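Just below is one structure, and these are the notes that go with it.
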2 protein chains.
Amino acid sequence: MNNQINDAPLTLRDVAAAAGVSLATADRVINGRPGVSAKTALKVHEAVQRLGFRPLAAAAELARSRSWRFAVVLPGGGNRFMLDIADNIRAQADWFRARRIAVEIVETDVFDADTLAAELSMLPGRFDAVALVALDHPRIRAAIDDLVEGGMAVVTLVSDAPSSRRQHYVGIDNIAAGRTAGSLVGRFLGPPRIGEAGKVEPGGAVGIVTGSGSLRDHAERRFGFGQVLAEEYPHLIRLPPVEGRDDPDRNRDLVRRMLADSPDLVAIYNTGEGSVGIGEALAEAGLARKILCVGHELTPATRRMLLDGTFAALVAQDPGHEVRSMARVLHALVTGQEIVAAQEHIRVQVILRDNLP
Amino acid sequence: MNNQINDAPLTLRDVAAAAGVSLATADRVINGRPGVSAKTALKVHEAVQRLGFRPLAAAAELARSRSWRFAVVLPGGGNRFMLDIADNIRAQADWFRARRIAVEIVETDVFDADTLAAELSMLPGRFDAVALVALDHPRIRAAIDDLVEGGMAVVTLVSDAPSSRRQHYVGIDNIAAGRTAGSLVGRFLGPPRIGEAGKVEPGGAVGIVTGSGSLRDHAERRFGFGQVLAEEYPHLIRLPPVEGRDDPDRNRDLVRRMLADSPDLVAIYNTGEGSVGIGEALAEAGLARKILCVGHELTPATRRMLLDGTFAALVAQDPGHEVRSMARVLHALVTGQEIVAAQEHIRVQVILRDNLP
DNA sequence: CTGTTAGCGCGTTCAC
DNA sequence: GTGAACGCGCTAACAG
């Protein structure tokens, strides 16, 4: 096992000397530029291997002296999580500046395919790379493919368009997130009661509040959640999902009705935002902490409800991690560096009252 | 709200010109070096503010042209988690090299204060910065203070020595980790049964397996765990902790005895490594998945036991995050940059079968 | 195909 | 207290 990491400070000059070529030739080989004979290239490669040379990023960065324009396309109209994403981008200003990257946040109606596609079509020429909160829709897929075709680096953020040609997706596996929520609900409710005849008694009803049936991430979460409940907790009865468009007021009304219609309600899972409306409806009915709630994303509202026990757990993704990953990936894509997959994996977090950050 | 980030590429030259001083003077002010009159400094500061200047990291890095030697002191003798830490350090080799940092991994007996203190005393002169897995012991505290006194940057890794003068701790809040484990156990076991007289029935016994009573991180986890159980799940009976020194074989024997002694055992919490021994003892007794297990850290063994249901959940810290944080923090400390606290916070992760990375 | 050379933006001697 | 000038390691334009 080698416990010495990076011993001798090597330079391209050392490599060139060792290979018996000029600086420029060594540089061409290192960066895979054309105009070098096969055997010269081989000599250089050997020298690189033998000496264990790696270019000094800072020097390359400086010499390249080229600047980049990134666009980040986010849904307009302040959902808390997206505001956090935007804030984190601003917080990374120094990181971007240190790499000569100008970032523009473009707000648009991400939920309307035509609007989003139109916005995307305005990007080429003005930007070198784009991160976007995607909609999984044929028109958007085509728009993304056009950008890639035009030579831009494209990554999807938070919500993916898997069949497009985007180079990377920065976000969580939403099926896994839904499954995680399902396991939390199933386990927190405890094992089923066994009736007199030795039969499993029904464990009560589980309500599902979702933003919209047509958003891919919400649909995936619902799918994962349903999978786990059906497989592992068949005694729980899933109510048909209700759609509140991530709006607290709508969610409040939906939960009021749910409480009226389903006296056997034991848990609620919210696949999206607007959890605060659920908390309000439960509080009104005097059922806060009596009905198990699991939701998504850490916001001031969900934090409060976690602390007061209204919500038992949150399944979350870290907007800070996502923004930093997006920045690294786009930078790597435009500068032609490799991306370290392991480092860019975005985790599905479970947050209880006790491990709140 | 400003959606434009980093518009004009500014240089120190621009600032100097705007302030009506030379490059060198502007540089002195920016880097807080002496030899500049108060009013000249003010002019420069104003120009910096007005133009919104930030030095280009790459150029600074290059010009500084100084290299660093970091030591990372880890426990020798392959505990899986520490091997992961070491592997992640090697995986960061390029990052270190790009910053002219030579890293040496020093293996020693971290659990013996004298050995560790002796090892630490060998470091000054040979290294600019140290990260160490600390022992919270007076002799180690003194050794750390000596290093800091001697001008080295020192951070503790995974296990802290809070009362020493180390500049930073890279690791999780172990009390929070223990509390999280406690909440998982309490909730997963379900609410207490209510007896005929309306009284809460005892919920069974909870076993606690720990590495050693004298390791601070284990002790803190036990403390947090006990806190939550006592406060929120008083119907559960905590058995006295048993010490297996993180060794699977010892843990196996301890759990065998625990099973024999406590027929009412319903859950086991392992504060440290060697969880595989617990799984073995349960499997022998045909009790795997019947007794709830919660442990720490994701390793091939714990991953397997999570998948097969022997363990219900793991509380974990990400060695990759920790190594990267350690690298950033030490680099910031030696180069005198600020550290972004929010980014360096290491999260207490909850891992279920469904959100395994 | 290959080599020479002038910067990239900042730190750091030196003079003044 | 201040400024001029060189160099960090690499890239890119140009010359051969």
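Note that the structure is predicted; figures quoted are calculated from it, not measured.
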Range on DNA chain C touched by chain A - first to last nucleotide, heavy-atom distance under 4.0 Å: C:dC1 to C:dG9
Atom-to-atom span, CG of A:Asn31 to P of D:dC10 - whole angstrom: 10 Å
Separation of atom CG in A:Leu10 from atom C1' in D:dC8, rounded to whole Å: 15 Å
Electrostatic pair A:Asp318-B:Arg347, nearest N-O below 4.0 angstrom: yes
Spacing of B:Arg64 atom CZ relative to D:dG9 atom P, expressed in whole Å: 14 Å
Nearest-nucleotide comparison on DNA chain D, the residue closer to the 5′ end among A:Arg33 and B:Gly35: B:Gly35
Pair B:His345-B:His321, ring-ring contact (aromatic ring centres under 6.0 Å, His included): steps then yes or no: CA-CA 9 Å; B:His345 177 82; B:His321 284 179; over 10 Å; no
Whole-Å gap separating P (D:dG9) and CG (A:Leu62): 12 Å
Along DNA chain D (nearest heavy atom to each residue), the more 5'-positioned of B:Val36 and B:Ala63: B:Val36
Atom pair distance, as rounded to whole Å: CG in B:Leu56 and P in D:dC8: 19 Å
Upstream residue (5' side of DNA chain C) when A:Arg13 and A:Pro34 are each assigned their closest nucleotide: A:Pro34
Full working for salt bridge (charged side-chain N to carboxylate O under 4.0 Å, His left out) between B:Glu344 and B:Arg328: CA-CA 9 Å; B:Glu344 307 308 344; B:Arg328 279 193 300 269; 2.9 Å; yes
Test: A:Arg99 cationic atom under 6.0 Å from A:Trp95 six-membered ring centre, within 45° of axis: yes
Candidates B:Leu132, B:Leu157, B:Val106, B:Thr108 - the one meeting side-chain contact (heavy atoms from CB on, under 4.5 Å) with B:Leu74: B:Leu157
Ionic contact status for A:Asp84 with A:Arg80, cut-off 4.0 Å: yes
Touch class at under 4.0 angstrom, heavy-atom based, for B:Ala60 against every strand present: sugar-phosphate
Between the first and last five pairs of the helix from C:dC1-D:dG16 to C:dC16-D:dG1, the angle of the axes, rounded to 10 degrees: 40°
Whole angstrom value for the distance that separates P of D:dG9 from CZ of A:Arg54: 17 Å
Flag, side chain of A:Asp145 to backbone of A:Ser164, donor-acceptor distance under 3.5 Å: no
Among D:dA12, D:dG7, D:dA4, the nucleotide that comes nearest once only the side chain of B:Ala24 is considered: D:dA4
Check against side chain to side chain contact (heavy atoms under 4.5 Å, CB included), A:Asp87 and A:Arg90: CA-CA 5 Å; A:Asp87 287 346; A:Arg90 295 192 191 89; 3.3 Å; yes
Gap between atoms CG and P, on B:Asp27 and D:dC6 respectively (whole Å): 18 Å
A:Asn31 (side chain) donor-acceptor with A:Asp27 (main chain) under 3.5 angstrom: yes
Interface residues of residues 16-23 of chain A with DNA chain D (non-hydrogen, below 4.0 angstrom): none
Interatomic distance where CG belongs to A:Leu12 and C1' belongs to D:dA12 [whole Å]: 13 Å
Criterion side chain to side chain contact (heavy atoms under 4.5 Å, CB included) on B:Phe70 and B:Val334, from CA distance to verdict: CA-CA 10 Å; B:Phe70 290 4; B:Val334 295; 4.2 Å; yes
side-chain N/O B:Thr40 vs D:dT2 OP1/OP2, d < 4.0 Å: yes
Heavy-atom neighbours of B:Arg165 CZ exceed 12 at 6.0 Å: yes
Heavy-atom closest pair, residues A:Ile144 and A:Arg166: CG2-N, 3.9 Å
